[in-house]
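To start, the structure under review is shown below, and the notes come after it.
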Amino acid sequence: MANPVLRGLMAIGQFSGRDSLGQFWPYAGVVFALVFALAAVAMPVAMQGVFADMQSFANDYPEAATIERSSTSYSIAIDAGHPDAPQLNLTPFFIVLAAMVTSAIFLLAAAVSRRLHDCNRSALLGLVPVAFLVIGLILFPLMLRDFTNSLEPDLRLFGLLFLNNLLYLVSLLALIIQCAQRGTPGENRYGAEPVRKS
């Protein structure tokens, strides 16, 4: 199939075989653009309740809120120690974030596997950043809850999340570098050489 995006979608469950640079990167680029575009639409909707609660609190208690306006931004800072301060419900935010991550993993998993196979590498290398990503998605809400509900938040959790995120970025960069390398010429242990476009 000549169109790499259609080919990637048609092979969404095919973890065997090999993908060339020209087959992988156009598909991966479209997937990332689509996932981020959908998140840009869904995030403001998911956060609408939080924004409404903060605006309502600022209207009811102007002495406990600071509103800053400019031609490009609008922000509300509230006194979290105020007895009537809203309890911010970030569950919709985390649902959208988890959906975005799950969609990207689902759409890219097989293509990354085939791309790694083309470089004569195990597809299991693609799981390393996913593991750190999942850990981060578990730790971030816990840290946020600790920071919002405690007068003295546990900074060890922040440090653990920071270290995890650093390891995630390093492993993601290593995966991108591996996926950007030219494949092995000729047949390798994962199959015949794909038709090369780049």
Side-chain angles (χ1 to χ4, degrees), residues 5 8-9 25-109 112 129-177 179-180:
V5 176
L9 287 172
W25 284 108
Y27 174 70
V30 168
V31 167
F32 276 116
L34 181 64
V35 167
F36 281 109
L38 290 174
V41 171
M43 278 298 182
V45 174
M47 295 300 292
Q48 196 169 22
V50 171
F51 299 147
D53 288 347
M54 291 183 70
Q55 184 64 58
S56 177
F57 177 81
N59 292 341
D60 294 343
Y61 303 97
E63 73 285 353
T66 304
I67 298 176
E68 294 182 13
R69 293 180 175 96
S70 75
S71 60
T72 58
S73 67
Y74 179 83
S75 69
I76 301 173
I78 62 172
D79 177 6
H82 193 279
D84 293 322
Q87 294 296 314
L88 304 180
N89 179 14
L90 296 177
T91 302
F93 168 82
F94 289 114
I95 289 172
V96 169
L97 185 63
M100 183 177 91
V101 167
T102 303
S103 299
I105 291 170
F106 174 75
L107 292 170
L108 289 172
V112 168
V130 174
F132 289 119
L133 183 61
V134 170
I135 292 168
L137 288 173
I138 292 169
L139 289 180
F140 184 66
L142 296 175
M143 184 199 71
L144 198 58
R145 184 172 49 228
D146 184 52
F147 273 53
T148 55
N149 294 336
S150 177
L151 294 175
E152 292 184 29
D154 185 2
L155 292 179
R156 291 175 297 176
L157 190 56
F158 173 79
L160 185 61
L161 183 61
F162 181 82
L163 177 62
N164 178 77
N165 290 349
L166 186 62
L167 292 171
Y168 165 70
L169 290 173
V170 168
S171 65
L172 183 62
L173 180 61
L175 180 62
I176 290 170
I177 289 169
C179 287

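Atom set for the values below is all heavy atoms of this structure, side chains included, hydrogens, waters and symmetry mates excluded. Every value quoted in this text rests on a predicted model; they were computed, and no experiment measured them.
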How would you list all residue pairs meeting ring-ring contact (aromatic ring centres under 6.0 Å, His included) that involve residues 84-108, not counting sequence neighbours?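 Qualifying pairs, neighbours excluded: F94-F140.
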- Applying side chain to side chain donor-acceptor pair (under 3.5 Å), which residue pairs with at least one partner in residues 86-103 are found, sequence neighbours left out?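 Output for this query lists N89-T91.
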Return each pair, listed once, that meets side chain to side chain donor-acceptor pair (under 3.5 Å) where at least one residue sits in residues 34-59; pairs must be two or more places apart or across chains.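 Residue pairs passing side chain to side chain donor-acceptor pair (under 3.5 Å), neighbours aside: Q55-N59, Q55-Y74.
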ring-ring contact (aromatic ring centres under 6.0 Å, His included) involving F57 - partner list, sequence neighbours excluded
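For F57 the ring-ring contact (aromatic ring centres under 6.0 Å, His included) partners, ignoring immediate neighbours, are Y61, H82.
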Could I get the full list of side chain to side chain contact (heavy atoms under 4.5 Å, CB included) partners for [X], not counting sequence neighbours?
| X | answer |
| --- | --- |
| P153 | D146, F147 |
| I176 | W25, L172 |
| E152 | none |
| V130 | I105, V134 |

Check: Is the shortest heavy-atom distance from the side chain of Y27 to the side chain of L9 under 4.5 Å?
Finding: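 Yes - at least one pair of side-chain heavy atoms lies under 4.5 Å apart.
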### Message
Run the salt bridge (charged side-chain N to carboxylate O under 4.0 Å, His left out) test against D154 and tell me which residues pass, sequence neighbours left out.
### Response
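Per chain and number, D154 pairs via salt bridge (charged side-chain N to carboxylate O under 4.0 Å, His left out) with R156.
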Partner set under side chain to side chain donor-acceptor pair (under 3.5 Å) for S75, not counting sequence neighbours: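 S75 satisfies side chain to side chain donor-acceptor pair (under 3.5 Å) with no other residue.
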Next item on the list: Determine which pairs satisfy salt bridge (Lys or Arg N to Asp or Glu O under 4.0 Å) with at least one residue from residues 63-84, sequence neighbours left out, and list them in order.
Entry: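 Those involving residues 63-84 do not exist here.
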